[in-house]
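The block underneath contains the structure these notes are about, expressed in structure tokens.
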Amino acid sequence: MPAASGAQVPGDGQTRAAVVRLLLEDGPITATAIGERLGLSAAGVRRHLDVLIDGGQARAMQPAAWQHKGRGRPAKQYQLTASGRARLGHTYDDLASAAMRQLREVGGEAAIKDFARKQVQAVVADIDPVAEHTPEATSAKAAEIADAFSSAGFAASTRTVGSGVQLCQHHCPVSHVAEEFPELCEAEMEAFRELLGTHVQRLATIANGNDACTTNVPLLAVPNAPPARAKPRTGKTQPSTTQADAQPAPATETPEGVR
């Protein structure tokens with residue numbers, strides 16, 4: 001006797017969990033891509049997606065114009081909703097937030113920043129800073145960082161976009177805590193800069209309601225801060241003599257003529 005529509009059948013739980021994992025790590029993703037990755041039929045994929053959408057855990061969306069290639073109607077893409085992410089679990093969120101409030105009360109903002117820094121350093125402890133600034137080395141180091149964060153439960157990955165690589169964290173086990181304590185996100189950025197030796201830019205965060213924490217990393221080195229200008233050895237302040245400074249000031253037009 002066939003299972004009723006929407007009923008759970010043996011293996012459904014594991015398969016649906018695999019679908020959710022793909023939506024988390026690779027979403028937005030098409031149903032065809034999900035089927036190819038998991039060896040499912042189109043009907044099987046649609047059944048799981050329909051259940052997730054009906055439960056408010058996933059949503060369908062049209063791809064951006066630049067993502068559509070070829071003729072015909074573009075395939076829908078699917079991704080998890082905020083509710084779907086919440087179901088993945090945020091263990092002891094309330095307890096962690098309460099503990100950090102107490103830490104801030106006792107040690108102030110410095111204690112929070114130090115705690116956040118130590119938490120991130122524990123994730124990237126085995127990663128050495130990039131040795132040379134080439135596109136290949138920078139991309140490889142970003143992928144190494146992503147692997148470390150994936151092992152810590154952040155479902156991280158990298159992708160090349162234009163002249164940079166984006167480091168994406170598709171899940172954040174501490175996102176609810178980070179909403180109140182952005183120092184956790186700031187500590188990640190500090191670690192990224194130190195390991196990659198270049199300026200990086202955070203484009204989006206799950207804590208702010210985005211689908212992923214996305215950080216842009218330029219493939220060519222960009223200094224974290226401009227080098228300080230050397231002071232004259234005489235100790236006296238001397239004006240710069242660049243070509244621009246050497247040009248005479250333009251004449252000023254006045255009612256009496258040019259002065």
Side-chain angles (χ1 to χ4, degrees), residues 1-91 139-140 142-162 165-176 203-216:
M1 179 177 178
S5 176
Q8 191 89 348
V9 297
D12 260 8
Q14 289 183 335
T15 303
R16 191 160 302 149
V19 172
V20 169
R21 184 76 181 181
L22 279 179
L23 294 176
L24 171 68
E25 296 183 354
D26 296 336
I29 185 173
T30 65
T32 299
I34 293 175
E36 292 174 350
R37 294 280 293 275
L38 300 180
L40 298 175
S41 65
V45 172
R46 283 195 296 271
R47 181 167 61 84
H48 287 292
L49 289 173
D50 286 344
V51 171
L52 293 171
I53 292 173
D54 289 344
Q57 299 176 56
R59 64 183 177 188
M61 56 187 293
Q62 293 294 338
W66 63 269
Q67 294 177 305
H68 178 52
K69 298 179 180 179
R71 299 179 179 179
R73 187 176 181 180
K76 288 183 179 179
Q77 294 181 328
Y78 300 85
Q79 63 181 173
L80 289 182
T81 62
S83 175
R85 290 177 183 278
R87 282 180 168 245
L88 295 174
H90 299 272
T91 307
S139 181
E144 190 177 351
I145 294 172
D147 288 343
F149 271 83
S150 286
S151 297
F154 289 80
S157 65
T158 60
R159 60 186 179 189
T160 301
V161 178
V165 59
Q166 289 186 354
L167 200 164
C168 303
Q169 295 153 256
H170 304 278
H171 179 56
C172 179
V174 297
S175 62
H176 289 116
L203 304 178
T205 64
I206 294 174
N208 285 333
N210 301 111
D211 294 321
C213 296
T214 306
T215 304
N216 186 68

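Looking only at side-chain heavy atoms (C-beta outward), V20 and L80 come within less than 4.5 Å of each other. C172 has its side chain within reach of F154: a pair of non-hydrogen atoms, C-beta onward, lies under 4.5 Å apart. Inter-residue side-chain proximity for R47 and R16 is flagged as met; some heavy-atom pair is nearer than 4.5 Å. Inter-residue side-chain proximity for Q57 and L23 is flagged as unmet; no heavy-atom pair is nearer than 4.5 Å.
The two residues I206 and S175 make their nearest non-hydrogen contact at CG2-CB, 3.8 Å. Of all heavy-atom pairs between L167 and A142, the closest is CD1-O, 3.9 Å. Nearest heavy-atom pair, A75 versus T30, reported as atom, atom and distance to 0.1 Å: CB-CG2, 4.1 Å. Between S150 and A155, the shortest heavy-atom contact is OG-C, 3.7 Å. Between N208 and T205, the closest heavy-atom pair is ND2-OG1, 3.0 Å. Between T158 and A146 the shortest heavy-atom distance is CG2-CB, 3.9 Å.
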Next on the checklist: Under the criterion side-chain contact (heavy atoms from CB on, under 4.5 Å), I'd like the reasoning laid out for I34 against H48: C-alpha separation, chi angles, the key distance, then a yes or no.
Outcome noted: CA-CA 11 Å; I34 293 175; H48 287 292; over 6 Å; no

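Taken from OG1 in T160 to CD in Q166, the straight-line distance is 9.5 Å, to the nearest 0.5 Å.
In terms of the salt bridge (Lys or Arg N to Asp or Glu O under 4.0 Å) criterion, R46 has no residue partners (sequence neighbours excluded).
Looking only at distances, no side-chain donor or acceptor of T81 sits under 3.5 Å from a matching main-chain atom of R59.
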